[in-house]
Amino acid sequence: MDITLHNTQSGKRERFEPLVPGEVSIYLCGPTVYDFAHIGNAVPAVAFDVLVRLLRLEYPKVTFVRNITDVDDKINAAGIATGRPIRELGERYAKEYQDDIAALGVIPPDVEPRATGHIPEIVDMIETLIAGGHAYEAEGHVLFHVPSDPDYGTLAKRSLEDMLDGARVEVAPYKRDPKDFVLWKPSTPELPGWESPWGRGRPGWHIECSAMIRKHLGPVIDIHGGGSDLTFPHHENESAQSRCVNGGTPSVRYWLHNGMLTMGTGKMSKSVGNIVTIRELLSRHDGEVLRYALLSGHYRAQLMWNESLAQAQSSLDTLYQALRDTDDGSNETAASYANADTDAFPSDVVVALCNDLNTPQALAAMHALASQARRADSPESVRALRAKLLAGGWLLGILTKPVAVYFHGVGESADAMAPDVVEARIEERNAAREAKDFARADAIRDELAAGGIQLEDGRAGTRWRRV
RNA sequence: GGCUGGAUGGCAGAGUGGUCAUGCAGCGGACUGCAAAUCCGUUUACGCCGGUUCGAUUCCGACUCCAGCCUCCA
């Protein structure tokens with residue numbers, strides 16, 4: 001099975017081959033923790049979650065690192081604005097982020113490093129850059145000298161002249177070149193800071209990632225990802241720093257970038273204000289529905305976020321309905337296939353994912369399997385197709401709940417009717433129907449409907465679900 | 001202005017040089033005391049103008065429009 005991935009560095013799809021046979025190192029830029037994450041922040045987390053699941057099918061050892069940026073001027077600003085300790089703020093929103101994406105079915109990374117835990121490594125790296133003539137100190141700052149790196153600009157594919165044309169930032173007087181960027185900057189007493197050879201200060205954003213990658217995954221890693229809005233300047237700068245520390249060897253072999261989620265006027269972002277938080281969506285929808293909505297578009301394409309999520313809900317329902325229709329009482333879920341052999345997984349789904357993580361095509365394959373499973377005529381083929389469907393669900397991170405929980409789960413509301421109460425009422429209604437007492441039967445149906453219970457009269461009796 | 005990437009049916013969204021995406025919605029049927037749900041079936045498409053080709057939504061060129069980045073950003 002060949003995995004192909006679109007590499008931003010080359011601008012092409014390339015066949016993926018790890019540096020060390022059988023071992024994959026993968027890094028994803030995580031959140032800056034100063035507030036609740038919005039649904040756009042979940043796109044790379046979910047996409048990389050699927051990628052890691054896929055890679056683990058093929059490679060015995062996959063090390064996935066996703067950082068948390070917990071020292072940053074936005075956090076400082078939020079701390080000052082709320083009057084709360086800055087460290088506490090970061091801790092809190094890091095936890096909220098972890099909870100949010102766990103609800104979306106994202107498996108925790110192998111290592112989740114914090115920038116604040118890597119100050120010595122950051123300082124080391126900066127010293128190496130200074131020694132190599134790639135960085136210099138000026139007025140308490142340390143700056144990376146962009147002209148010292150002949151390959152600068154090759155990731156974002158823009159020439160140094162292009163960058164100047166659009167420059168909208170005022171150039172600090174101490175910069176030797178307008179494009180030079182900060183590796184270390186001084187902190188005032190009220191701001192977080194660490195002692196360093198250049199005085200008390202804090203690291204720039206780009207160097208944090210470079211240092212954490214180097215420490216946890218080594219000087220050269222296989223895959224590095226993030227949102228396409230990070231390509232420039234964040235990843236370009238990161239790439240430059242690490243390459244210069246490596247003596248010219250690129251530190252990343254495959255760069256992956258996801259497209260932006262748009263809502264209304266354009267890209268969802270806090271500065272525009274057109275955001276919806278994951279937390280808010282989770283109060284109205286199952287996390288799996290959110291995940292399905294994100295997977296329904298290709299990760300590199302821009303996806304229009306539809307807040308109603310009705311389509312994703314209905315589509316996911318269809319897959320769960322197929323599981324319900326083929327229920328064999330085994331109580332298996334997608335999670336049952338977490339460690340299954342490669343041949344347990346549906347090849348159409350695997351092939352789609354191997355093709356630069358084509359999740360829409362993989363979902364189409366899931367619907368095809370669901371349809372086949374419902375129509376299969378022998379119990380053996382029903383069982384086999386159902387197993388494939390669940391295994392595919394594991395790769396995509398959906399179908400993780402028992403069917404009964406999906407349709408009957410009590411959800412958020414504490415006053416929801418308990419399942420045995422619902423079933424007792426259904427029995428009463430069916431007795432009334434038997435006795436042709438339709439007024440009474442309909443009254444019970446209305447009562448249940450008012451409690452959010454929808455009945456389905458079918459050949460095999462009456463089924464129900466919460467809506 | 002520069003750089004990147006888009007434009008597919010009512011909507012979302014894959015893909016392909018000639019046959020089918022898929023889902024949602026719609027429509028028809030089955031089932032039902034009725035209704036809903038469910039199940040089965042099904043209509044509708046490839047921005048605009050040229051070119052290459054036996055044949056283009058798919059390849060090439062121009063045009064129009066859109067988005068992202070060039071500032072913090074997933």
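In what follows, chains carry the letters A, B, and so on, assigned in the order in which the sequence lines appear, proteins first and then strands, with residues in each chain numbered from 1. Quick caveat: nothing in here was measured; it's all calculated off a predicted structure.
The 5' end of RNA chain B is approached more closely, in terms of each residue's nearest nucleotide, by A:Asp317 than by the other of A:Lys270 and A:Asp317. Of the two residues near RNA chain B, A:Asp325 and A:Pro31, the one whose nearest nucleotide lies more 5' is A:Asp325.
In terms of phosphate contacts, A:Asn306 brings no side-chain nitrogen or oxygen within less than 4.0 Å of OP1 or OP2 of B:rC11. Remark: A:Arg463 is not in phosphate contact with B:rU38, judged by side-chain N or O atoms under 4.0 Å from OP1 or OP2.
A donor-acceptor contact under 3.5 angstrom links the side-chain atoms of A:Lys74 to the base of B:rC72. With hydrogens and angles left out, the side chain of A:Gln311 and the base of B:rC11 share a donor-acceptor pair within 3.5 Å.
When the nucleotides B:rC70, B:rA74, B:rC24 are ranked by their closest atom to the side chain of A:Arg158, B:rC70 comes out on top. Ranking B:rA14, B:rG68, B:rC40 by closeness to the A:Arg375 side chain, first place goes to B:rC40. Of the candidates B:rC70, B:rG15, B:rA25, B:rA25 carries the atom nearest the A:Ser314 side chain, counting heavy atoms from C-beta on.
Within the 4.0 angstrom heavy-atom criterion, no nucleotide atom of any strand lies near A:Thr262. If you check every strand for non-hydrogen atoms under 4.0 Å, A:Asn41 touches a base. Among the protein residues, A:Met304 comes within range of the sugar-phosphate backbone only, with heavy atoms under 4.0 Å from sugar or phosphate atoms but none that close to a base. Counting any heavy atom pair closer than 4.0 Å across all strands shown, A:Leu261 reaches a base atom. Heavy atoms of A:His298 sit under 4.0 angstrom from primed sugar atoms or phosphate atoms, though from no base atom. At a threshold of 4.0 angstrom between heavy atoms, the contacts of A:Gln321 are confined to the sugar-phosphate backbone, with no base atom among them. Contacts of A:Thr231 with the nucleic acid, taken as non-hydrogen atoms under 4.0 Å apart, are absent. At a threshold of 4.0 angstrom between heavy atoms, the contacts of A:Gly11 with the nucleic acid are absent. Within the 4.0 angstrom heavy-atom criterion, no nucleotide atom of any strand lies near A:Ala449.
Across A:Asp70 and A:Ala115, no two heavy atoms sit closer than the pair OD1-N, 3.3 Å.
Rounded to whole Å, the distance from CZ on A:Phe232 to C1' on B:rA74 is 18 Å. In this structure, A:Leu256 places its CG atom 18 Å from P of B:rA74, rounding to the nearest Å. When the P atom of B:rG6 is taken as reference, atom CG of A:Leu303 falls 16 Å away, rounded to whole Å. B:rC70 atom P lies 11 Å from atom OH of A:Tyr152, rounded to whole Å. Between the CG atom of A:Asp356 and the C1' atom of B:rA14 there is a distance of 13 Å, rounded to whole Å. Atom CG in A:Leu363 sits roughly 18 Å away from atom P in B:rA21 (whole-Å rounding). In this structure, A:Asp229 atom CG and B:rC72 atom P are separated by 11 Å, rounded to whole Å. For the pair A:Gln302 CD and B:rC66 C1', the interatomic distance rounds to 8 Å; values are reported in whole Å.
A stem is defined here as three or more consecutive Watson-Crick or G-U pairs, each with both distances under 3.5 Å; for RNA chain B these stems are B:1-7 with B:64-70, B:10-12 with B:22-24, B:26-30 with B:38-42, B:49-51 with B:59-61.
A donor-acceptor contact closer than 3.5 angstrom links the side chains of A:His257 and A:His235. Using modelled atom types and a 3.5 Å distance limit, the side chains of A:Gln321 and A:Asp325 yield no donor-acceptor pair. Looking only at atom types and distance, the side chain of A:His141 has a donor-acceptor partner in the side chain of A:Tyr174 under 3.5 Å away. For the 3.5 Å distance criterion, the side chains of A:Arg386 and A:Thr326 qualify, holding a donor opposite an acceptor.
One C1' atom belongs to B:rA37, the other to B:rA30, and the distance between them is 14 Å to the nearest Å. Across B:rG68 and B:rC59, the matching C1' atoms stand 26 Å from one another, rounded to whole Å. With C1' as the reference atom, B:rU22 and B:rC63 are 33 Å apart, rounded to whole Å. Distance noted for atom C1' between B:rA12 and B:rA45: 14 Å (whole Å). B:rG5 and B:rG55 have their C1' atoms separated by 29 Å, with the value rounded to a whole Å. A distance of about 14 Å separates the P atoms of B:rG13 and B:rG6, rounded to the whole Å. Separation of the C1' atoms belonging to B:rA56 and B:rC60 is 11 Å when rounded to the nearest angstrom. Here, B:rA21 and B:rG41 have their P atoms 15 Å apart, quoted to the whole Å.
The six-membered or imidazole ring of A:His216 lies near that of A:His118, with a centre-to-centre distance under 6.0 Å.
A salt bridge links A:Lys401 with A:Asp286; the closest basic N to acidic carboxylate O contact falls under 4.0 Å. Electrostatic pairing of A:Arg463 and A:Asp457 does not count as a salt bridge here, judged by no charged N lying under 4.0 Å from a carboxylate O.
For the salt bridge (charged side-chain N to carboxylate O under 4.0 Å, His left out) condition, the pairs that include at least one residue of residues 33-54 of chain A, sequence neighbours left out, are A:Asp49-A:Arg53, A:Asp49-A:Arg291.
Both the sub-6.0 Å distance and the 45° axial angle are satisfied by A:Arg324 relative to the ring of A:Phe407.
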Could you go step by step and tell me if A:Phe181 and A:His206 meet the ring-ring contact (aromatic ring centres under 6.0 Å, His included) rule? CA-CA 9 Å; A:Phe181 56 88; A:His206 316 303; 5.5 Å; yes
Do nucleotides 29-36 of chain B as a string where each nucleotide becomes B, S or -: B if the base has a protein heavy atom under 4.0 Å, S if just the sugar-phosphate does, - if no protein is that close. ----BBBB
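Taking the six-membered ring for Trp and thresholds of 30 and 60 degrees, A:Trp464 and A:His408 have nearly parallel ring planes, at less than 30 degrees apart.
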